[in-house]
Amino acid sequence: MAISKLLVEWYNTNKRELPWRETQNPYIIWVSEIILQQTRVNQGINYFLNFIDQFPDIKSLAESEEVEVLKAWEGLGYYSRARNLRESAIIISKQYSGIFPDTYKDILNLKGIGPYTAGAISSIAFNLPYPAIDGNVKRVISRLYGLKEDSASSVFSKKIETIIMDIIDKREPGKFNQALMDFGSLICLPKNPLCKECFLNDLCYANTNQVVNELPATYRKNNKRDRAFLYFIFKEKDKVVINKRTAQDIWKGMYEFPLIEYSIMPAEEEWVDIMQERFQLKGSDIKGLSFSPFHYHKLSHQNIKAAFIQVEIKELSSITGLHDSRIININDFVTFPFPRLIQKYVQHNFQYNI
DNA sequence: AAGTCGGGGTC
DNA sequence: GACCCAGACTT
């Protein structure tokens, strides 16, 4: 029997029950696909449910404020996904009369939608025969067909696409694509795949040739950047200063405390001088001072070492030299989006749920 | 083609 | 500690 038919039959009885699988509403499919980019299903489910609850349709998302969307995304990472999602909702409202576009080309043109997501939405929501090639599919196909090229190369990608176009079920492309992904995440696992009980093991190149652990072939070098963050928590009674990140950098659009960044953490003895110099503070402006232990925050390509310096200030308005800062009450932490590093610090030291 | 963008699960 | 996740965008 054809591989596609075996996959779809397996999928019909073994598929995962997921909240976005109860509809073909392109908006719902779209939101789920963006949330799931580089994100495990289990990590994304609650974000999906809350997001759809808060922004049930294109209109509500298009009329939202960016900080609201970032707040809904808080903790999920890759925040450009949230900004692009909102911007695309605005584009759909203006250029497509609020109706989600129904051609692969138009879908691909939206911000934050690349070849994978365009294929997923096209096939699942509109029954169009386009491949949805994600990490699962690359792994499954490279093993089934014995593709030994570097999985980051264009040759590899071309071969995957050619094979998928050859075997895709054109009557149920959405089901076929999802079957391939579920098979990858439930059976053809990255490590210790379940080959013994796999219904495709006898026609799988990698299994019959004992190269399952070598496919797909990856050659990644891990360049990690070390960064040292000196955060200053300027506090006057229940008010603190927060600052918006606007640079082309991590956490764009999110809030944090006033920051001085180094590549190497300066000595603790220098912190107060650094602070007074940077924020033009006199000794008489400072009522109290305390240092936190270092916080170590790991990202995929960065190791951040952070120190938090709490400063009791007489007049918060005397703080100068910040671009997108604002003074908020600590009760209002709940309304601003913060990266995990800040979120954890606040929860621990202010005992607020943000 | 190589970097950059988060955070968390898994081995 | 390394790898990977329903990838996309920039350089």
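So you know, we letter chains A, B, ... as the sequences are listed, proteins then strands, and number each from 1.
- Closest to the side chain of A/E33, from the set B/dT4, C/dA6, C/dG7, is C/dA6.
- In this model, no donor atom of one side chain and acceptor atom of the other lie less than 3.5 Å apart for A/S185 and A/R40.
- Side-chain N/O atoms of A/Q302 include one lying less than 4.0 angstrom from OP1 or OP2 on B/dC5.
- For B/dG6, the OP1/OP2 oxygens have no side-chain nitrogen or oxygen of A/W73 closer than 4.0 Å.
- At a cut-off of 3.5 Å, with distance as the only test, no side-chain donor of A/K305 or A/Y262 sits close to an acceptor on the other residue.
- Across the C1' atoms, C/dC4 and B/dG6 are found 13 Å apart, a figure rounded to whole Å.
- Along DNA chain B, the nucleotide nearest A/A152 and the nucleotide nearest A/H297 are compared for position; the residue whose nucleotide lies closer to the 5' end is A/A152.
- Taking for each of A/S153 and A/Q37 the nucleotide of DNA chain B with the nearest heavy atom, the 5'-most of the two is the partner of A/S153.
- Spacing between atom CZ of A/R81 and atom C1' of C/dG7 amounts to 9 Å, rounded to whole angstrom units.
- Taking 4.0 angstrom as the limit, A/R139 places none of its side-chain polar atoms (N or O) nearer than this to OP1 or OP2 of C/dC4.
- We find that CG of A/N84 is positioned 12 Å from C1' of C/dT10, with the value rounded to whole Å.
- Residue A/T117 places at least one side-chain N or O under 4.0 Å from the OP1 or OP2 atom of C/dA8.
- Heavy atoms of A/S80 sit nowhere under 4.0 angstrom from any nucleic acid atom.
- Note on A/D249: only backbone sugar-phosphate atoms sit closer than 4.0 angstrom, heavy atoms only; bases stay farther off.
- Under 3.5 Å, the side chain of A/S300 and the base of B/dG7 form at least one donor-acceptor pair of N or O atoms.
- Among the atoms of the strands shown, only primed sugar atoms or phosphate atoms (P, OP1, OP2) are found under 4.0 Å from some heavy atom of A/G75.
- Among the atoms of the strands shown, only primed sugar atoms or phosphate atoms (P, OP1, OP2) are found under 4.0 Å from some heavy atom of A/K111.
- Here the nucleotide nearest the side chain of A/N136, chosen from C/dA6, B/dG7, B/dC5, is C/dA6.
- Using a 4.0 Å heavy-atom cutoff across all strands shown, A/I113 reaches sugar-phosphate atoms only and no base atom.
- The OH atom of A/Y27 sits 11.5 Å away from atom CD1 of A/I121, with the distance rounded to the nearest 0.5 Å.
- Straight-line distance between the C1' atoms of B/dG8 and C/dC9: roughly 23 Å, to the nearest whole Å.
- Atoms CZ (A/R340) and C1' (B/dG8) sit 9 Å apart, rounded to a whole Å.
- The shortest distance between the side-chain N/O atoms of A/R40 and the OP1/OP2 oxygens of B/dT10 is not below 4.0 Å.
- Going from atom CG of A/L299 over to atom P of B/dG3 covers 18 Å, rounded to whole Å.
- C/dC5 and B/dC5 are spaced 14 Å apart, taking the C1' atom of each and rounding to whole Å.
- Note on A/D182 versus A/R21: salt bridge recorded, some NZ/NE/NH1/NH2 to OD/OE distance being below 4.0 Å.
- Residue-to-nucleotide contacts include a donor-acceptor pair under 3.5 Å from the side chain of A/Y78 to the base of B/dG6.
- Atom-to-atom, CD of A/E214 to P of C/dC3 comes out at 15 Å; the value is rounded to the nearest Å.
- Looking at A/T39, its side chain has no donor and acceptor atom pair within 3.5 Å of the base of B/dG8.
- Counting non-hydrogen atoms under 4.0 angstrom, A/W20 reaches a base of the nucleic acid.
- OP1 or OP2 of C/dC5 has not a single side-chain nitrogen or oxygen of A/Q38 nearer than 4.0 Å.
- Not counting sequence neighbours, the partners of A/K159 by the side chain to side chain donor-acceptor pair (under 3.5 Å) test are A/E149.
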